[in-house]
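Encoded as structure tokens, the structure appears first; notes follow it.
Heavy atoms only: backbone and side chains are in, while hydrogens, waters and symmetry mates are out. Computed from a predicted model, the values in this text were never measured in an experiment. Order of the sequence lines fixes the chain letters, A, B, ..., with proteins taken first and strands second; residue numbering starts at 1 for each chain.
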Protein chains: 2
Amino acid sequence: MQLSNTSQYAIRMLAYMADKKDSSLINATKLSEALQIPYKFLTKIMTELVKADLVVSIRGREGGYTLKKNASDIMVGDILKVFNDSMQDEQCVLGIGFCNGMCKCALHDQWMKPKRLLQKMFRESSLEDIAGRGCKI
Amino acid sequence: MQLSNTSQYAIRMLAYMADKKDSSLINATKLSEALQIPYKFLTKIMTELVKADLVVSIRGREGGYTLKKNASDIMVGDILKVFNDSMQDEQCVLGIGFCNGMCKCALHDQWMKPKRLLQKMFRESSLEDIAGRGCKI
DNA sequence: GTTAATTACTACTTTAAGGTAGTATTAAAT
DNA sequence: ATTTAATACTACCTTAAAGTAGTAATTAAC
């Protein structure tokens with residue numbers, strides 16, 4: 001029960017960029033060193049974030065990446081969506097199709113509360129809320 | 001953010017066995033048909049549940065499986081532990097080592113509440129609580 | 001114009017989860 | 001004793017995620 005490696009990396013990358021927003025552009029080499037994420041894997045992820053309109057890239061010498069929107073307008077859930085890692089509302093915790101009021105699985109009732117809180121966290125936590133928080137990056 | 005296929009299958013298998021406890025022994029063929037889980041994969045999972053002391057197996061003709069304890073004494077969390085799918089208390093949601101009061105990640109504060117509810121669900125939901133619930137198996 | 005530093009693209013390799021096949025072992029039924 | 005129906009074991013195959021390598025495209029610096 002955890003986020004994919006890719007999603008974890010993406011959140012950390014964007015949170016770091018939000019924290020360093022003053023220096024406008026940051027390049028893949030610096031990010032990779034700062035966050036200890038393999039360079040090639042990081043650029044692969046970043047290209048997807050560019051295509052998803054969360055990040056702007058400037059190619060060529062002196063290029064780099066920067067957030068496309070205000071940090072307060074990018075939610076953790078938006079990032080997870082890019083990697084199909086967000087929770088569908090009717091996603092069954094036991095993997096039996098979809099769960100709703102009509103037809104639910106054995107664990108459904110117990111699952112409702114934690115699921116709602118998870119969704120709330122993803123929906124309401126912005127990059128601004130998390131940038132620079134904690135003691136590790 | 002979801003349970004592994006193996007854990008989902010294991011929970012469904014045990015919940016079904018708890019529900020059919022009256023007929024004491026159930027065999028892999030029947031279980032596989034009832035739950036639509038590939039036979040060979042089911043037996044592989046079941047063997048691990050036997051080794052983990054959650055299930056008793058009777059080999060030979062007329063053999064099968066049955067729960068080793070009362071359904072009320074087997075928690076969902078016990079099942080997840082077998083497949084390393086339960087949540088460690090200090091597991092970092094962003095995958096940066098461990099999180100605790102001393103050192104936490106950027107999402108740690110927002111993660112606490114949903115995590116606690118997830119842990120509570122795993123810790124407090126027994127097979128008895130979920131057996132026969134819902135409209136699908 | 002050439003060079004250097006950057007992102008983008010394509011293709012590959014590695015690892016782990018998910019799943020399958022075949023055979024050995026066990027024990028009740030006959 | 002033999003047959004049959006069951007679990008256990010070993011080894012393999014498939015798929016998707018994670019990660020790597022090399023090259024093309026782009027653009028500022030010189």
**Report entry** Residue closer to the 5' end of DNA chain D, A:F41 versus B:K30 (nearest nucleotide)
**Finding:** B:K30
Report summary line: B:L25 CG to D:dA5 P, in whole Å, measures 17 Å
Report task. Could you tell me the separation between the CD1 atom of A:I58 and the C1' atom of D:dT27, rounded to a whole number of Å? Result -> 11 Å
Report task. Write down the distance between CG (B:L42) and C1' (D:dT7), rounded to a whole number of angstrom. Result -> 12 Å
Query raised in the report: Would you say A:S32's side chain and A:I37's backbone share a donor-acceptor pair under 3.5 angstrom?
Result: yes
Report task. Verify, without hydrogens or angle tests, whether A:K104 (side chain) and A:C92 (backbone) share a donor-acceptor contact under 3.5 angstrom. Result -> no
Report task. Starting at atom CG of B:N84, determine the distance to atom P of C:dG18, rounded to an integer number of angstrom. Result -> 12 Å
Report task. Look at atom CD of B:E90 and say whether more than 12 heavy atoms of other residues, nucleotides or ligands are closer to it than 6.0 Å. Result -> yes
**Report entry** 5' priority, DNA chain D, between A:E62 and A:K44 [closest heavy atom]
**Finding:** A:K44
Query raised in the report: So what does B:T47 touch, heavy atoms closer than 4.0 Å: a base, only the sugar-phosphate, or nothing?
Result: sugar-phosphate
Query raised in the report: Looking at side-chain heavy atoms only, is the closest gap between A:K69 and A:L54 below 4.5 Å?
Result: yes
**Report entry** Phosphate OP1/OP2 of C:dT6: any A:N27 side-chain N/O under 4.0 Å
**Finding:** yes
Report task. Describe the nucleic acid contact of B:T6 in one word from base, sugar-phosphate, nothing, applying a heavy-atom distance below 4.0 Å. Result -> sugar-phosphate
Requested in this report: Can you check whether any acceptor in the base of D:dT26 is under 3.5 Å from a donor in the side chain of A:R59, or vice versa?
Outcome: no
Query raised in the report: Across the strands shown, which category fits B:Y65 at heavy-atom distances under 4.0 angstrom: base, sugar-phosphate, nothing?
Result: sugar-phosphate
Requested in this report: Tell me what A:T43 touches on the nucleic acid: a base, only sugar-phosphate, or nothing, going by heavy atoms under 4.0 Å.
Outcome: nothing
**Report entry** For atom CG of B:N5 and atom P of D:dT14, their distance in whole Å
**Finding:** 19 Å
Report task. Describe the nucleic acid contact of A:F83 in one word from base, sugar-phosphate, nothing, applying a heavy-atom distance below 4.0 Å. Result -> nothing
Query raised in the report: What is the distance from NZ of B:K40 to C1' of C:dT20, rounded to the nearest Å?
Result: 8 Å
Query raised in the report: Atom CZ of A:R61 to atom P of C:dA5: distance rounded to whole Å?
Result: 5 Å
Requested in this report: Whole angstrom is fine here: how far is it from CE in B:M46 over to P in C:dG19?
Outcome: 16 Å
Query raised in the report: Where do B:C105 and B:C99 land on the disulfide (SG to SG under 2.5 Å) test, with the steps shown first?
Result: CA-CA 7 Å; B:C105 74; B:C99 268; 3.8 Å; no
**Report entry** Presence of B:Y39 side-chain N/O under 4.0 Å of C:dG19 phosphate oxygens OP1/OP2
**Finding:** no
Report task. Kindly point out which of D:dT7, C:dC9, C:dT20 is positioned nearest to the side chain of A:K51? Result -> C:dC9
